Amino acid sequence: PVQWAAGTADVARECHAKALETSRAVGIPVEEARSLEGLAVCRLRAGERAAALAGLREALRIYRRIGAAEAMSLTAELARLSGTAPEERR
């Protein structure tokens with residue numbers, strides 16, 4: 001997220017939380033999932049691993065439900081973060 005690059009973690013979290021609230025209010029599932037991913041990144045960087053993984057799993061459920069292409073990359077990212085990703089072949 002842009003706010004992370006500027007070093008303002010609290011602002012980043014607030015922006016993603018507001019985007020999540022708005023996307024849910026207006027019913028845009030893809031933006032809801034993206035907001036959940038953004039919040040998860042904030043939580044990972046803050047050391048809140050369990051909350052981050054829960055948010056990523058929720059985002060993945062949404063992506064799968066709506067058939068979004070993002071489901072594939074998020075599945076791989078979750079596997080990597082969970083330590084279940086296959087090792088890269090050399």
Side-chain angles (χ1 to χ4, degrees):
V2 173
Q3 289 80 11
W4 275 105
T8 54
D10 292 337
V11 173
R13 188 179 281 229
E14 289 172 22
C15 288
H16 290 297
K18 182 64 177 169
L20 178 60
E21 180 184 318
T22 301
S23 62
R24 286 178 171 166
V26 297
I28 305 173
V30 71
E31 293 304 327
E32 179 181 354
R34 289 175 180 152
S35 299
L36 286 163
E37 279 194 86
L39 275 172
V41 169
C42 293
R43 289 175 173 147
L44 279 172
R45 292 185 180 191
E48 301 168 14
R49 186 175 182 79
L53 291 173
L56 291 174
R57 287 184 191 106
E58 186 177 353
L60 181 58
R61 282 191 294 276
I62 294 168
Y63 285 145
R64 285 180 174 162
R65 186 183 79 231
I66 64 174
E70 290 92 338
M72 190 178 344
S73 60
L74 186 51
T75 297
E77 180 66 8
L78 269 167
R80 186 187 68 76
L81 289 169
S82 300
T84 58
E87 291 187 37
E88 293 182 21
R89 300 193 194 284
R90 295 177 195 206

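Fair warning: this is a prediction, and the values are worked out from it, not measured in the lab.
Side-chain atoms of Thr75 and Arg64, non-hydrogen and from C-beta on, do get closer than 4.5 Å to each other. Annotation: side chain of Arg13 is in contact with side chain of Arg43 (closest heavy-atom distance under 4.5 Å).
Of all non-hydrogen atoms in Ala33 and Ala59, the two that sit nearest each other are O-CB, 3.5 Å. Minimum heavy-atom separation, Ser82 to Leu53: OG-CD2, 4.4 Å. Minimum interatomic distance between Leu74 and Leu60 (heavy atoms only, all atoms of both residues): CD2-N, 3.5 Å. Closest approach of Gly27 to Pro29, counting heavy atoms only: O-CD, 3.3 Å.
Distance CD/Glu14 to SG/Cys42: 10.0 Å, rounded to 0.5 Å. Taking CG of Leu44 as the start and CG of Leu39 as the end, the distance is 11.0 Å to the nearest 0.5 Å.
Ser73 places a side-chain N or O within 3.5 Å of a backbone atom of Glu70 that can act as its donor or acceptor partner.
Here Arg24 pairs with Leu20, Glu32, Leu36, Glu58 under the side-chain contact (heavy atoms from CB on, under 4.5 Å) rule; sequence neighbours left out. Partners of Glu21 under the side-chain hydrogen bond (donor to acceptor under 3.5 Å, both in side chains) rule, at least two apart in sequence or in another chain, do not exist in this structure.
For the pair Glu77 and Arg80, the salt-bridge criterion is met [side-chain N within less than 4.0 Å of a carboxylate O].
Ile28 and Tyr63 fall within a single hydrophobic cluster, where Ile, Leu, Val, Met, Phe, Trp and Tyr are joined by side-chain heavy atoms under 4.5 Å apart, directly or via other members.
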